[in-house]
2 protein chains.
Amino acid sequence: MTISDVAAHAGVSPASVSRVLNGRRSVDPEIVRRVQASIAALGYAPSMVARSLVHGRNTTVAMVVPDLENPLFQGILKGLSLAAAGDGYRVLVADTAERVDDEETTAIEARQRCDALVLCAPRMPEAGLRRLVERVAPVVVVNRPLPDLDVPIIGVDYVRGIRDLVDHLVGLGHRHLAYVTGPETSASNAERLRGVEEALALHPEVRIDRIPGGSRPEDGEAVAIAVVDAHRGGVTAVIAFNDLVALGLLARLRELGVDVPGELSVAGFDDVPMARYATPRLTSMSVPRAEIGAQVWARLRTLMAGGPVEHSVLYRPRLEVRESTAVRAAAGARP
Amino acid sequence: MTISDVAAHAGVSPASVSRVLNGRRSVDPEIVRRVQASIAALGYAPSMVARSLVHGRNTTVAMVVPDLENPLFQGILKGLSLAAAGDGYRVLVADTAERVDDEETTAIEARQRCDALVLCAPRMPEAGLRRLVERVAPVVVVNRPLPDLDVPIIGVDYVRGIRDLVDHLVGLGHRHLAYVTGPETSASNAERLRGVEEALALHPEVRIDRIPGGSRPEDGEAVAIAVVDAHRGGVTAVIAFNDLVALGLLARLRELGVDVPGELSVAGFDDVPMARYATPRLTSMSVPRAEIGAQVWARLRTLMAGGPVEHSVLYRPRLEVRESTAVRAAAGARP
DNA sequence: CTGTTAGCGCTTTCAT
DNA sequence: ATGAAAGCGCTAACAG
């Protein structure tokens, strides 16, 4: 069923059908009527593919993520998807299932199907990422600083976020903290660690231990024993790599009989939707997921329109104080 | 940059380039070498769109969901996306942002861009859904029973799930339960209500009140007061529409000083990833999200290959007993 | 205002 | 084994 069938049925030329389809105003109302009738009668639907070939674009963009189950990417995807839809674009998702080795191939393949690409690749080695980025333009990168590269980057200021979080904890009287690290190769973990360093420099009286963790709730549970040990060693507040880890940690700490925040304060990062329903409600650094998605779209759209590489943006996470962090108990207050 | 440019550069015909590109074996090794060299030299990448036009397919399928932030759809999307990727297909997502009125248009539009469609439309009126389904084939429907319609349906047996959950609670000694309802128009809420009815018929000694709720954590929080009232009225166990509601409810109940499961048992539905990290860990009915996505893909693939409408499947939720449900306290045990 | 014509970039007979 | 040529379904000049 093609545009010619409709044309034949309506007794006009394919061009006229095309005009009607595209709402060109310079068409005799009578023809418009006939064409529309034929379209309805035949149940015709235009081929977006053919149209794409002519126009040289898809009105589809791809987003590559390491894991669709991560609330951070979900939120960004949602924001991107909604913003793009506002301009008639759709989003194709490519989940690399955390397989860093497949990321480049996947990204290139996804890009070929679409007009532009959004890259979330927190673990890809920087050199490879740089090479890739040059190859798949127009592209916007999420959460990866790439100095001197001509690409819009929408990110989160993890360094500052961690500093602010440490400030909060220090303000509550804590002097001996612990940071449960994320995945070794995670770029945002590296930034958080820089945040830790900067906080240390700013607060000479403070100590921050590192406890190897991960990025999922299971990792948070697994690290609970180590956290308890650290607590025995004097740690009174712990910052988890992200909320998922914090939530897992919280669950396990409760089972281990640790009172949060009475004995130990716990904070997360990302402010996932569930953070505020945890027990106790989790203090976290909020990240504007949907807004990031929308900004990604804005950059992408400009790029696709042949516009300049717009300014990158770094969102400063906002502290959401809830119940899981509290003033340090007076020394010796613990039974 | 087209295939002809490569052909010119390599001094062969476009047809030969195409053959090389598609790995046809009947090509002189020397030509293969030259073409590959030219491709590399020119940095040529084939146009998937042109290829799609010729082949009449996209190798892309669309999935329409009411809300990308819902863990149920996220899991299905992930499963679908991975399974499809295994066959070289990608998934395009269309989030209708819960606007039921836009669903039909969105679905049709998304379908036009892709080779097939996955429809998650829990609130669309059945008549409209039936009409839509006929229009967008090949299509697979998720979580909506559509008797007598020639469409594969992958769903969850909510009726049975609720019955099993009630059985669990009754087995723990509870006789007066409450069900916090989901959205009025939700098809799966209707099924859960049927489950409630059947359970009632099976357990004449049991009573199940209905408390108007919703589908999100906020709804769970909002309904907490009503739940406490019901508890005063004798209810000892409550089933929430889903885990999100249960989690919100749990958080609020704790603040209201209600001991779960000591005074009141609480159960959810869906077994979202966070359920097992709640306080107390939430008893729930587990639903195989990723598996549903994979099955959806299997059906879709058969359909696209011109195969028959394969059998629909209904997954029976599995009871995950955790800490939030317990034996009913002896009468009068409450202080 | 409408129809004719020439592609968009690729694959695929069909000859050679 | 290779090339020429005819489309896939649509849009956009360009005539008329």
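Here is how names work: the chains are called A, B, and so on, in the same order as the sequence lines, proteins then strands, and each is numbered from 1.
- Toward the 5' end of DNA chain D, the nearer of the two residues Leu53(B) and Gly11(B), judged by each one's closest nucleotide, is Gly11(B).
- In this structure, Val12(A) reaches the sugar-phosphate backbone alone: every heavy-atom distance under 4.0 Å involves primed, P, OP1 or OP2 atoms, never a base.
- A donor-acceptor contact shorter than 3.5 Å links the side chain of Arg144(B) to the backbone of Pro122(B).
- Of the two residues contacting DNA chain D, namely Ser47(A) and Pro29(B), the nearest-nucleotide position lying further toward the 5' end is that of Pro29(B).
- Where Tyr44(B) and Arg25(A) each meet DNA chain C at their nearest nucleotide, the meeting point lying more 5' is that of Arg25(A).
- Taking a heavy-atom distance under 4.0 Å as the criterion, the stretch of DNA chain C touched by chain B extends 5' to 3' from dG9(C) to dT13(C).
- Using a cut-off of 4.0 Å between Lys/Arg side-chain N and Asp/Glu carboxylate O, Arg130(A) and Glu134(A) are scored as not salt-bridged.
- Within 4.0 Å of Ser18(B), counting heavy atoms only, lies at least one base atom of the nucleic acid.
- Contact annotation for Val54(B): base contact, defined as any heavy-atom pair under 4.0 Å involving a base atom.
- When all heavy atoms of Pro138(B) and Arg111(B) are compared, the closest pair comes out as CD-NH2, 3.3 Å.
- Using a 4.5 Å cut-off on side-chain heavy atoms (C-beta onward), Val309(B) and Leu303(B) make contact.
- Ion pairing between a basic and an acidic side chain is recognised when a charged N comes within 4.0 Å of a carboxylate O; Asp67(A) and Lys78(B) show such pairing.
- Counting any heavy atom pair closer than 4.0 Å across all strands shown, Arg24(A) reaches sugar-phosphate atoms only and no base atom.
- Contacts of Val17(B) with the nucleic acid, taken as non-hydrogen atoms under 4.0 Å apart, are absent.
- Proximity of Pro66(B) to Val100(B): side-chain heavy atoms (C-beta onward) are nowhere separated by under 4.5 Å.
- When DNA chain D is scanned in the 5' to 3' direction for atoms under 4.0 Å from non-hydrogen atoms of chain B, the outermost contacting nucleotides are dA1(D) to dG9(D).
- If you check every strand for non-hydrogen atoms under 4.0 Å, Leu21(A) touches nothing.
- Under the 3.5 Å distance criterion, the side-chain polar atoms of Asn143(B) are matched with a main-chain donor or acceptor of Val156(B).
- Looking only at side-chain heavy atoms (C-beta outward), Glu103(B) and Leu119(B) stay at 4.5 Å or farther from each other.
- A distance of 7.5 Å separates CD of Glu191(A) from CG of Asp157(A), quoted to the nearest 0.5 Å.
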